[in-house]
Amino acid sequence: MGFLERLREEQNRLVADVREEDDDRPIKWIVGVDVSYHGDQMYAAAVSMDKSDLEPVSVATIHGPVGFPYIPTYLAYREFPGIEAAVSRLPDRPDLLMIDGHGRLHPTLFGIACHVGVRLDIPTIGIAKHLLAGRLERSPAGQGSARPVSIQGRVQGYAWIPPGRSRPIFVSVGHRISLETAAKIVRETTRQGYPEPLRVADRISRALTKGEKRKKGVAR
DNA sequence: GCGACAG
DNA sequence: ATCTTGTCGC
């Protein structure tokens, strides 16, 4: 059996561990984590903020060699090492992790947000800019612009157009949270375009790669 | 077999 | 994700 087939087997095994019930503990520290690349190096940033004011409280960054290529539906095997390392450098354990990429909106119902959540045993939400799997349903009456996304007839996520953005973002459960709560928290943490923890994490991780370019004298 | 395909 | 100039629009 090939390498990717083995990884697919692992996904199909671990998907049974995903929990979609809300956690008991209240959510105070929300962490956004994102990864950027420069050549064969990856840079990850984890940003922790208090849910009540969305002000960054702590930041952790790492960089290291890229160990896996980008292959659609296997994103976690590329990004998990960086995510894990950055999150573990934070002074406090996150109450909730926001991941750039899908959770249950995945062909195996086990996208990177589920992968990170299960392996770190932390509640996670998947937030992505493009759809990978699933079908957009008609907007239900009353729901503010959020459209359900279904896989095999089951709602696994929502497409939502945040203020200040023209295209939707896609929200799905990663681990230890309900889809409704995930959607609510995404709305509450979005000021413009994308949830604040992810916006800041993205900005920081990308700044790290830019800094690397300057060091090496790459043209600007 | 063909097309589509998170970051 | 990253590479990349100008260009359209608020």
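Sequence lines set the chain letters: A, B, ... in the order given, protein chains first and strands last, and positions in each chain run from 1. All values derive from a computational prediction rather than experimental measurement.
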Counting only heavy atoms from other residues, nucleotides and ligands, does the tally under 6.0 Å from [atom1] of [X] exceed 12?
X: A:Arg203; atom1: CZ; result: no
X: A:Gln152; atom1: CD; result: no
X: A:Arg138; atom1: CZ; result: no
X: A:Arg135; atom1: CZ; result: no
X: A:Arg165; atom1: CZ; result: yes

Over how many whole Å does the gap from A:Asp40 atom CG to C:dA1 atom P extend?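 Result: 19 Å.
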Rounded to the nearest Å, what distance is computed from the NZ atom of residue A:Lys210 to the C1' atom of nucleotide C:dT4?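 Answer to the nearest Å: 12 Å.
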Could you run down nucleotides 1-7 of chain B 5' to 3' and tag each one B, S or - for protein heavy-atom contact under 4.0 Å? ----BBB
Reading nucleotides 5-10 of chain C 5' to 3', which nucleotides get B (base under 4.0 Å from a protein heavy atom), which S (sugar-phosphate only), which -? ------
Contacts under 3.5 angstrom, residues 108-123 of chain A side chains, donor-acceptor by atom type, not counting sequence neighbours:
| unit_1 | atom_1 | unit_2 | atom_2 | d |
| --- | --- | --- | --- | --- |
| A:Thr108 | OG1 | A:His106 | ND1 | 2.9 |
| A:Thr108 | OG1 | A:Phe110 | N | 3.4 |
| A:Asp121 | OD1 | A:Arg176 | NH1 | 3.0 |

Would A:Arg199 and A:Thr190 count as a side-chain hydrogen bond (donor to acceptor under 3.5 Å, both in side chains) if you check the C-alpha gap in whole Å, the side-chain angles of each, and the deciding distance to 0.1 Å? CA-CA 9 Å; A:Arg199 281 196 109 203; A:Thr190 298; over 6 Å; no
Audit row: A:Tyr77, A:Glu10, side-chain hydrogen bond (donor to acceptor under 3.5 Å, both in side chains) steps and yes/no: CA-CA 11 Å; A:Tyr77 296 98; A:Glu10 179 178 64; 2.6 Å; yes
Check step by step if side-chain hydrogen bond (donor to acceptor under 3.5 Å, both in side chains) holds for A:Tyr70 and A:Glu79. CA-CA 9 Å; A:Tyr70 170 67; A:Glu79 302 205 332; over 6 Å; no
Both distances under 3.5 Å, Watson-Crick or G-U wobble: on that basis, could you give the dot-bracket string for DNA chain C, with [ ] for crossing pairs and | for other-strand partners? ..........
Decide side-chain hydrogen bond (donor to acceptor under 3.5 Å, both in side chains) for A:Ser150 and A:Glu137; before the verdict, give the C-alpha distance in whole Å, the side-chain angles of both, and the deciding distance to 0.1 Å. CA-CA 7 Å; A:Ser150 299; A:Glu137 305 291 348; 3.0 Å; yes
Under 3.5 Å, is there a donor on one side chain and an acceptor on the other for A:Tyr194 and A:Asp202?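 Side-chain D/A pair, A:Tyr194 to A:Asp202: absent.
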If you take all heavy atoms of A:His102 and A:His130, which pair is closest and at what distance?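 Scanning both residues, the minimum pair turns out to be NE2-O, 2.7 Å.
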For A:Asp50, enumerate each residue passing the salt bridge (Lys or Arg N to Asp or Glu O under 4.0 Å) test, keeping only those at least two apart in sequence or located in another chain.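 Checked A:Asp50 against salt bridge (Lys or Arg N to Asp or Glu O under 4.0 Å); matches are A:Lys28.
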Read 5' to 3' with Watson-Crick or G-U pairs under 3.5 Å, [ ] for crossing pairs and | for partners on another strand, DNA chain B gives .......
